[in-house]
Amino acid sequence: MKLLRYGPAGQERTGMLDREGRVRDLSGHVDDLAGDAVSRAALDRLRDIDPDSLPLVEEPGRIGSCLSRVPNFFCIGLNYAKHAAETGAQPPKEPIIFSKASSALSGPFDPVIIPRGSEKADWEVELGVVIGREALYVSEADALDHVAGYCTINDVSERAFQIERGGQWIKGKSAPSFGPVGPWLVTADEVEDPQALRVTLDLNGERVQDETTGDMIFTVAQIISHMSQFMKLMPGDVIATGTPSGVGMGMTPQRFLKPGDVMEIEVEGLGRQRQEAVAAD
């Protein structure tokens, strides 16, 4: 299934794509997509619904984040070998785990707002993983059984805030609009191998990131298993699993977002995003 949320910000309705890629109104069956509503058990119940039996939405308008809220917005740092190399970092021995503020959650076509005082706003296409079952002390072999689905994420980052201002990375990752998620939540049964997906990002029509998830240092299964040794992952948690090479920080000379720049982001099979960068008020 491909699930989504559509409508004006704060007034979104739930939807499902049919076989022709048209939006069907799912709100009669589920009020919102978050938390237990995206658990594997809840998704199994939705799977019994024939999309053609749902009302057709002729003009869905704005597509919002495929999750209305997230208990936790986790990220994995330096998880592509070539990206670690471009930043001059040694490949990590264990996954680097950090968080974005949940208030960074944003729609896939909403503007990315460059925050006040920003000098080095950057882009990061990532494979997103949505947890569908409580995960605590799970093995790598069982880890993918705890995945509800996958989505496209742009882990927008402000490098000066992240690296030069002290403290943890969360400061450079959490501005409003820095977490575009969607357009769809694609259920796990539709993704045969999360380590064989192409991830791309075009900046103003120029391809700057182009890799497959096969370049990940730690697989999705390894990430979930590792995280579950330290915390309980909950239904609706989202994990951005790292970005490939081609970020602005790694370019020579470095290149960062300015108002009017357009990012087009895609993870194979999970949908395409488009954001224009705008200055904060």
Side-chain angles (χ1 to χ4, degrees), residues 2-15 27 30-39 42 60-77 97-115 118 121-132 147-158 161-162 168-186 201 227 231 233-243 257 263-267 270-278 280-281:
K2 292 182 175 67
L3 306 176
L4 69 152
R5 299 169 62 253
Y6 65 95
Q11 303 175 43
E12 295 92 344
R13 298 170 68 89
T14 57
S27 59
V30 59
D31 288 336
D32 215 343
L33 297 175
D36 287 339
V38 295
S39 69
R62 172 184 173 272
I63 304 299
S65 166
C66 60
L67 298 168
S68 65
R69 59 190 181 279
V70 292
N72 293 287
F73 199 146
F74 295 113
C75 302
I76 306 299
I97 304 166
F98 63 96
S99 292
K100 297 176 84 78
S102 59
S103 56
L105 194 69
S106 183
F109 304 103
D110 294 342
V112 163
I113 303 168
I114 300 175
S118 171
D122 206 346
W123 54 85
E124 295 191 14
V125 59
E126 308 206 6
L127 167 65
V129 178
V130 179
I131 298 297
V147 175
Y150 300 91
C151 56
T152 302
I153 293 179
N154 186 3
D155 175 23
V156 187
S157 308
E158 211 301 333
F161 295 176
Q162 176 187 353
Q168 298 182 345
W169 287 4
I170 189 171
K171 292 200 303 190
K173 298 283 187 172
S174 296
S177 80
F178 269 28
V181 173
W184 314 316
L185 169 59
V186 179
L201 187 145
M227 292 181 67
M231 65 197 76
L233 301 175
M234 301 294 292
D237 283 346
V238 65
I239 306 170
T241 57
T243 197
L257 293 171
M263 295 167 283
E264 295 177 277
I265 302 103
E266 186 170 12
V267 179
L270 306 184
R272 190 170 179 85
Q273 303 183 351
R274 182 186 187 277
Q275 298 112 29
E276 180 176 347
V278 300
D281 293 335

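Quick caveat: nothing in here was measured; it's all calculated off a predicted structure.
- Among all heavy-atom pairs drawn from Glu158 and Phe178, the shortest one is N-CE2, 3.7 Å.
- Between the NZ atom of Lys100 and the CD1 atom of Ile170 there is a distance of 9.5 Å, given to the nearest 0.5 Å.
- Distance CD/Gln162 to NZ/Lys173: 4.5 Å, rounded to 0.5 Å.
- Nearest approach of Arg272 to Phe109, heavy atoms of both residues: O-CZ, 3.3 Å.
- Between Asp36 and Ala42, the shortest heavy-atom contact is O-CB, 3.4 Å.
- Between Leu4 and Leu33 the shortest heavy-atom distance is O-CD1, 3.7 Å.
- The two residues Ser65 and Ser106 come nearest to each other via the heavy atoms CB-O, 3.4 Å.
- Under the side chain to side chain contact (heavy atoms under 4.5 Å, CB included) criterion, Glu12 pairs with Arg5, Ala9, Arg62, not counting sequence neighbours.
- Side chain of Asp237 to backbone of Asn72: a donor-acceptor contact under 3.5 angstrom is found.
- Nearest heavy atom pair, residue Gly182 against residue Cys151, reads N-CB, 4.4 Å.
- The distance from atom OG of Ser68 to atom CG of Asp31, rounded to the nearest 0.5 Å, is 10.5 Å.
- Distance check, rounded to the nearest 0.5 Å: CD of Glu126 to OG1 of Thr241 gives 6.0 Å.
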